[in-house]
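Please read the structure below before turning to the comments.
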Amino acid sequence: MAAKNFDLIVIGAGPGGYVAAIRASQLGMNVAIIERENLGGICLNWGCIPTKAMLRSSEVFHLMHRAKEFGLTVEKVGYDLDAVVKRSRNVAGQLSGGIGHLMKKNKVTVFMGEATIPAKGKVSVKTDKGTEDLTAKNIVLATGARARELPGLEADGDLVWTYRHALTPKRMPKKLLVIGSGAIGIEFASFFNTLGADTTVVEVLDRVLPVEDAEISAFAKKQFTKQGMKIMEKAMVKQLDRGKGTVTAHIEVGGKIEKMEFDTVISAVGIVGNVEGLGLEKLGVKIDRTHVVTDEYCRTGVDGLYAIGDIAGAPWLAHKASHEGVMVADLIAGKHAHPVKPESIAGCTYCHPQVASVGYTEAKAKELGYDVKVGRFPFIGNGKAIALGEPEGLIKTIFDAKTGELLGAHMVGAEVTELIQGYVIGRQLETTEEDLMNTVFPHPTLSEMMHESVLDAYDRVIHM
């Protein structure tokens, strides 16, 4: 049987992959996309979306307990974990089905199966019906990543979970250990802690949420501790002894081993790229620590082969992958493509309180040699935050003292994952402090704190 020919083949239908396919189709290309599991990839099915659905349930549960503060009466507050999970899976299913509709609408040919690249410009897909041979001048790798598992700490789905097990829990943990305090770990810690689990978070580095600005990390830790979480920093889980219904964790802190017993462990120690079985080594693709090495335009060094999203390295964010998908499609079509700037991509963590940031931390800006001006504004000084009953939070902005360039913005508090985009746009437009100070922010809104933080950096703050 003759091979089917396409202008572009995309391997992986996560956010980067399906966006690349849609954009390429818009540009007039004949496109095929290959997915071995679910359209929408990890993000829609096992990551960004279902976790946010579960976190929303825990947020409402938390607010129900605070009903009296708002003059309301709620009796017999409780939850049905199975129903919470079912809602989360339904949300994921609805969106995954929507990707199938988008593929049809944009005339993208979908192959469900396992892909390999036997030679440059050739793709072989193993499907339920047999093997399909495809060819294309351009191929985009968007195979994503999976949870990293450390020796001795491997998940078993019973006592030790990865994010997948945590998204479909068979039971509610009573005493929970979360290994790793990045976005995935701290979001699950926040979810289960809010629903009543006695939660301990172990972080090998010197602070929780280690990629965030140190001041924001410290603020968040204080809130987590207030909520009952136990936070162990500069600590390492060396061993897990699994018994009947219990796990004894050997945790090294300050050179000493502490033994602590839990009924559930969630391992959230990072991710590894899905690079195996594709035939990349034979093609001459360079791989560094499970991630494909690319240039700023996502080119692998092999003619016509690109890598986008998690497989191409940090930051491991769906919106970064999607933007890369558009950029690569434009590049292939001969359009003027803009490379992605990692330092201008926002990071969002949907714990309680939320955390969001873009650009350089204060420490990084100083390390790079900038003379900085730093502004801060607390939620307690904002009318909308007080009216919402969310007075705990902080917005921090960092500017180049010489040019007024916005170097970074860092937030912790209610709805900051929505607010951060204002600063993202500011960085994209190369906004200065003068532009931000002269912008009129609506009242009463949380966004007014963004204005006040800028004003504070230049000793012009009004409401503090």
Side-chain angles (χ1 to χ4, degrees), residues 52 55-56 59-60 62-63 66 69-71 190 209 212-223 226 319 343-362 365 372-401 403-464:
K52 302 317 160 277
L55 284 160
R56 177 60 173 165
E59 180 184 8
V60 173
H62 170 72
L63 286 171
R66 295 178 58 197
E69 294 177 36
F70 298 92
S190 192
L209 297 168
E212 301 297 339
D213 185 89
E215 197 170 345
I216 299 299
S217 291
F219 191 103
K221 178 188 175 182
K222 186 177 178 182
Q223 297 306 308
K226 193 184 290 187
H319 43 288
E343 66 276 9
S344 291
I345 297 173
C348 298
T349 305
Y350 298 81
C351 47
H352 181 74
Q354 293 180 4
V355 176
S357 60
V358 66
Y360 301 128
T361 63
E362 182 179 356
V372 300
K373 280 186 175 289
V374 179
R376 300 171 181 83
F377 196 81
F379 274 48
I380 193 66
N382 176 263
K384 180 67 178 293
I386 294 169
L388 288 174
E390 300 287 354
E392 299 290 339
L394 175 69
I395 292 184
K396 177 177 180 178
T397 46
I398 301 155
F399 293 88
D400 181 348
T403 66
E405 177 189 357
L406 175 63
L407 298 174
H410 308 272
M411 308 177 172
V412 55
E415 301 304 328
V416 297
T417 58
E418 299 291 340
L419 293 177
I420 194 66
Q421 186 62 12
Y423 287 134
V424 173
I425 293 170
R427 276 185 60 80
Q428 182 66 25
L429 298 178
E430 300 182 356
T431 298
T432 65
E433 92 290 356
E434 186 177 353
D435 297 319
L436 289 167
M437 284 195 281
N438 290 337
T439 299
V440 179
F441 287 72
H443 173 79
T445 64
L446 297 175
S447 70
E448 290 174 277
M449 292 183 288
M450 298 168 65
H451 193 212
E452 294 273 16
S453 179
V454 175
L455 292 172
D456 182 57
Y458 290 84
D459 301 318
R460 289 179 51 180
V461 67
I462 302 296
H463 292 98
M464 185 172 67

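From a predicted model like this one, the values you see are computed outputs, not experimental measurements.
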Exercise for review: Under the side-chain contact (heavy atoms from CB on, under 4.5 Å) rule, what do Arg376 and Glu215 come out as? Steps first, then yes or no, please.
Suggested key: CA-CA 11 Å; Arg376 300 171 181 83; Glu215 197 170 345; 2.7 Å; yes
Within the distance-only criterion (no hydrogens, no angle test), does the side chain of [X] pair as donor or acceptor with the backbone N or O of [Y] below 3.5 angstrom?
X	Y	result
His443	Lys384	no
Gln354	Val416	yes
Tyr360	Ala409	no

**Study point:** side chain to side chain contact (heavy atoms under 4.5 Å, CB included), paired with Met411, selected from Leu419, Asp213, Leu446
**Key:** Leu419
Between [X] and [Y], is any pair of side-chain heavy atoms under 4.5 Å apart?
X	Y	value
Thr432	Thr403	no
Met437	Leu455	yes
Glu452	Ile462	yes
Val454	Phe441	no

Review point. Does a sphere of radius 6.0 Å around CD in Glu434 hold more than 12 heavy atoms from other residues, nucleotides or ligands, not counting ones at 6.0 Å or beyond?
Key: no
Check your understanding: Within a radius of less than 6.0 Å around CD of Glu430, do more than 12 heavy atoms belonging to other residues, nucleotides or ligands occur?
Key -> no
Exercise for review: Take Leu429 and Ile425 through the side-chain contact (heavy atoms from CB on, under 4.5 Å) test and state the conclusion after the steps.
Suggested key: CA-CA 6 Å; Leu429 298 178; Ile425 293 170; 3.7 Å; yes
For the atom pair [atom1] ([X]) and [atom2] ([Y]), what is the distance rounded to the nearest 0.5 Å?
X	Y	atom1	atom2	value
Leu388	Leu63	CG	CG	10.0 Å
Glu433	Asp400	CD	CG	9.5 Å
His451	Ile395	NE2	CD1	12.5 Å
Cys351	Glu59	SG	CD	11.5 Å
Ile420	Glu415	CD1	CD	13.5 Å
Gln223	Leu394	CD	CG	10.5 Å

Review point. After noting the C-alpha distance and the side-chain angles of Val412 and Val355, does the key distance pass the side-chain contact (heavy atoms from CB on, under 4.5 Å) rule?
Key: CA-CA 4 Å; Val412 55; Val355 176; 4.0 Å; yes
Which heavy atom of [X] sits nearest a heavy atom of [Y], and at what distance?
X	Y	value
Asn382	Phe377	N-CE2, 4.2 Å
Arg427	Leu407	NH1-O, 3.0 Å
Glu392	Phe379	C-CB, 4.0 Å
Tyr350	Thr417	CE2-OG1, 3.4 Å
Val374	Ile398	CG2-CG1, 4.3 Å

Exercise for review: Check whether the side chains of His410 and Glu212 place a donor and an acceptor atom closer than 3.5 Å, and report yes or no.
Suggested key: no
Point to revise | Side-chain H-bond candidate by donor/acceptor type, Asp456 with Ser453, under 3.5 Å | key: no
Check your understanding: According to the interplanar angle, ranging from 0 to 90°, do the rings of His352 and His62 count as parallel (below 30°), tilted (30 to 60°) or perpendicular (above 60°)?
Key -> tilted
Exercise for review: Please report the C-alpha distance between Phe399 and Val372 in whole Å, then the side-chain angles of each, then the deciding distance to 0.1 Å, and finally whether the side-chain contact (heavy atoms from CB on, under 4.5 Å) criterion is met.
Suggested key: CA-CA 5 Å; Phe399 293 88; Val372 300; over 6 Å; no
